[in-house]
Q: 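Before I ask anything, here is the structure I am working with.
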Amino acid sequence: VNLILLGPPGAGKGTQARMLQDAFGLVQLSTGDLLRGAVAAGTEAGLAAKAVMESGALVSDEIVLAVLRERLADSDVAAGIILDGFPRTAGQAAALDELMAERAQQIDAVISMAVDDEAMVGRVSGRYTCASCGEGYHDLFKQPATAGVCDKCGGTQMKRRADDNADTVRTRLAAYHADTAPLIDYYAARGTLTEIDAMAEIGQVRADLAAIVKKLT
Ligand code: AP5
Ligand code: ZN
């Protein structure tokens with residue numbers, strides 16, 4: 001099964017993709033994570049992407065597609081993928097169609113995570129993640145059982161993203177509405193779109209998503 005999670009910053013794409021990965025053995029492919037990895041590694045793509053990401057604008061399709069193609073060459077993705085944060089432009093959606101055709105595969109469902117923009121500023125500003133395993137947390141909505149200790153791996157180093165401040169979140173939301181939201185109609189026209197209420201509690205959203213994926217497997 002290959003899925004797309006479509007939604008603005010803070011909608012819960014990463015949170016839910018990790019849960020689906022654990023529950024269904026699918027592989028989360030976050031272009032944001034891939035790009036942050038490239039920035040950290042200081043690759044050519046990373047050097048070009050760093051300032052753009054910090055501003056909250058979209059990185060060029062060319063760079064995004066290069067990092068994604070490289071990751072798709074790994075063998076583990078054959079189990080099925082959850083695209084988290086990709087595609088984000090009409091050009092990326094067209095390139096994804098080609099990539100899927102090359103692999104003789106298809107996107108089985110596109111899940112649009114509907115939320116209120118204003119709530120996203122609070123969600124993103126309160127977010128932090130485990131530096132060892134990447135598990136995501138929130139100052140108010142999802143705290144580890146023991147403060148500062150990751151539930152999943154026991155790691156004690158937590159980190160925050162450079163682009164998770166209120167100003168940059170507003171730029172990211174604007175980029176979402178300008179370039180990414182039109183993809184909702186693109187996939188609806190193909191009949192692959194399902195919308196879920198992503199304002200609900202994390203556990204409820206998880207249950208709604210699991211029900212959709214179960215039907216496909
Ligand atoms: P990316 O890393 O993709 O970030 P994003 O789309 O802005 O999404 P976020 O990671 O902020 O949100 P999320 O939906 O994953 O929310 P999360 O689950 O963490 O992109 C970053 C940058 O990289 C872009 O700005 C761009 O520059 C570049 N980029 C990446 N992909 C690109 C592409 N394809 N093309 C061009 N440029 C690209 O949840 C947020 C917080 O809320 C967490 O703390 C979580 O615990 C909490 N939370 C989650 N769900 C709920 C809930 N239901 N109720 C309450 N709290 C919740
Ligand atoms: Zn951890």
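When a ligand or atom number is given, it counts from 1 through the structure's own listing order.
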Q: Does a side-chain N-to-carboxylate-O contact under 4.0 Å join R160 and D139?
A: yes
Q: Closer than 2.8 Å to the Zn ion (ligand 2), what protein N/O/S atoms do you find?
A: C130 SG, C133 SG, C150 SG, C153 SG
Q: Do L35 and L6 sit in the same hydrophobic cluster, where Ile, Leu, Val, Met, Phe, Trp and Tyr count as joined when their side-chain heavy atoms come under 4.5 Å apart?
A: yes
Q: Salt bridge check, R71 against D76: does any charged N sit closer than 4.0 Å to a carboxylate O?
A: yes
Q: Which protein N or O atoms sit under 3.5 Å from any N or O of ligand 1? Give each pair with its distance.
A:
from     : atom 1 : to   : atom 2 : distance (Å)
ligand 1 : 2 (O)  : R36  : NH1    : 2.9
ligand 1 : 2 (O)  : R36  : NH2    : 2.9
ligand 1 : 2 (O)  : R161 : NH1    : 3.4
ligand 1 : 2 (O)  : R161 : NH2    : 3.4
ligand 1 : 3 (O)  : R88  : NH1    : 3.1
ligand 1 : 3 (O)  : R88  : NH2    : 3.3
ligand 1 : 4 (O)  : R161 : NH2    : 3.2
ligand 1 : 6 (O)  : K13  : NZ     : 3.0
ligand 1 : 6 (O)  : R88  : NH2    : 2.5
ligand 1 : 7 (O)  : R172 : NE     : 3.2
ligand 1 : 7 (O)  : R172 : NH2    : 2.7
ligand 1 : 8 (O)  : K13  : NZ     : 3.2
ligand 1 : 10 (O) : R127 : NH1    : 2.8
ligand 1 : 10 (O) : R161 : NH1    : 3.0
ligand 1 : 11 (O) : R127 : NH1    : 3.2
ligand 1 : 11 (O) : R127 : NH2    : 2.7
ligand 1 : 11 (O) : R172 : NH2    : 2.6
ligand 1 : 12 (O) : G10  : N      : 2.9
ligand 1 : 12 (O) : R127 : NH1    : 3.4
ligand 1 : 14 (O) : A11  : N      : 3.3
ligand 1 : 14 (O) : G12  : N      : 3.0
ligand 1 : 14 (O) : K13  : N      : 2.8
ligand 1 : 14 (O) : K13  : NZ     : 3.0
ligand 1 : 15 (O) : G14  : N      : 2.9
ligand 1 : 16 (O) : G12  : N      : 3.3
ligand 1 : 18 (O) : G14  : N      : 3.4
ligand 1 : 18 (O) : T15  : N      : 2.8
ligand 1 : 18 (O) : T15  : OG1    : 2.5
ligand 1 : 19 (O) : R127 : NH1    : 2.5
ligand 1 : 20 (O) : R88  : NH2    : 3.3
ligand 1 : 27 (O) : A57  : O      : 2.6
ligand 1 : 31 (N) : T31  : OG1    : 2.7
ligand 1 : 31 (N) : R88  : NH1    : 3.0
ligand 1 : 34 (N) : T31  : OG1    : 3.3
ligand 1 : 34 (N) : G85  : O      : 2.9
ligand 1 : 34 (N) : Q92  : OE1    : 3.0
ligand 1 : 35 (N) : Q92  : NE2    : 2.9
ligand 1 : 37 (N) : V59  : N      : 3.1
ligand 1 : 44 (O) : Y137 : O      : 2.7
ligand 1 : 53 (N) : R123 : NH2    : 3.4
ligand 1 : 53 (N) : A200 : O      : 2.8
ligand 1 : 54 (N) : R123 : NH2    : 3.4

Q: So how far is it from I196 CD1 to L5 CG, rounded to the nearest 0.5 Å?
A: 7.5 Å
Q: Whether E98 and R103 form a salt bridge (side-chain N of Lys/Arg under 4.0 Å from carboxylate O of Asp/Glu) is what I want to check.
A: no
Q: Check D84 with K13, please: is the shortest side-chain N to carboxylate O separation under 4.0 Å?
A: no
Q: Sequence neighbours left out, what pairs pass side chain to side chain donor-acceptor pair (under 3.5 Å) with at least one residue falling in residues 48-61?
A: K50-E54, D61-T89, D61-Q92
Q: By the rule that ILVMFWY residues connect when side-chain heavy atoms come within less than 4.5 angstrom, directly or transitively, which residues belong alongside M158?
A: Y128, Y137
Q: Could you check whether R172 pairs with D163 (Lys NZ or Arg NE/NH1/NH2 to Asp/Glu carboxylate O, under 4.0 Å)?
A: yes
